[in-house]
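The chain is numbered in sequence order, starting from 1.
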Amino acid sequence: AMKRPLVFDEKLGRQRVWGCANKRTGLVLVDPRQSPRRYLTTLVHEVLHVVAPEWGETRVARAGRRLAQAVWEAGFRKVKL
């Protein structure tokens, strides 16, 4: 069965990454200190690592950019609650 991603915002400055994913647990961390568009791209990228763990980095990056662009162009935005 496919892992269900569990996403949290977390400052990742010390790790020097915008996001990270644990393929085994499904945990995804995304640094909230990004522009909304960059945040979306990072989120999609990291979730792809969880839902398609067999994909390499190049495939994840390419698909992630395409998916994030389509979602952005459809008007989806992160809203601060």
Side-chain angles (χ1 to χ4, degrees):
M2 183 189 312
K3 277 274 178 232
R4 182 166 175 247
L6 186 59
V7 180
F8 293 98
D9 281 359
E10 185 158 322
K11 292 179 182 176
L12 298 170
R14 186 169 290 141
Q15 292 83 356
R16 295 189 173 168
V17 293
W18 287 117
C20 60
N22 184 311
K23 296 175 187 180
R24 188 176 50 77
T25 64
L27 179 65
V28 171
L29 302 177
V30 180
D31 194 317
R33 300 170 299 174
Q34 302 178 65
S35 70
R37 187 162 188 168
R38 179 75 225 160
Y39 182 96
L40 174 62
T41 302
T42 302
L43 172 63
V44 171
H45 179 103
E46 300 304 337
V47 167
L48 280 173
H49 278 303
V50 173
V51 301
E54 71 282 4
W55 287 11
E57 186 64 26
T58 301
R59 188 173 184 188
V60 165
R62 185 175 296 127
R65 284 191 304 269
R66 289 178 178 165
L67 283 166
Q69 182 175 354
V71 170
W72 186 265
E73 288 176 0
F76 284 84
R77 301 292 185 270
K78 182 176 173 93
V79 177
K80 301 248 193 251
L81 299 176

Under 6.0 Å from the CZ atom of Arg24, do we count more than 12 heavy atoms belonging to anything else shown?
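Atom CZ in Arg24 is not packed in, count stays at 12 or less.
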Near Arg66 CZ, under 6.0 Å, is it more than 12 heavy atoms from other residues, nucleotides or ligands?
no
Among Val51, Val44, Val50, whose side-chain contact (heavy atoms from CB on, under 4.5 Å) with Val47 holds?
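Answer after filtering Val51, Val44, Val50: Val51.
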Same cluster or not: Val28 versus Leu67, using hydrophobic residues (I, L, V, M, F, W, Y) connected whenever any side-chain heavy atoms lie under 4.5 Å apart?
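Yes, one cluster joins them.
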Atom CG of Asn22 and atom NE2 of His49: how far apart are they, to the nearest 0.5 Å?
12.0 Å
So do [Y] and [X] actually touch side chain to side chain, heavy atoms under 4.5 Å?
| X | Y | value |
| --- | --- | --- |
| Leu43 | Val7 | yes |
| His45 | Arg65 | no |
| Thr42 | Asp31 | no |

Who passes side-chain contact (heavy atoms from CB on, under 4.5 Å) against Arg59, sequence neighbours left out?
Trp55
Side-chain donor-acceptor distances from residues 8-18 under 3.5 Å, at least two apart:
| residue | atom | partner | partner atom | Å |
| --- | --- | --- | --- | --- |
| Asp9 | OD1 | Tyr39 | OH | 2.4 |
| Asp9 | OD2 | Lys78 | NZ | 3.3 |

Verify, without hydrogens or angle tests, whether Arg77 (side chain) and Trp72 (backbone) share a donor-acceptor contact under 3.5 angstrom.
yes
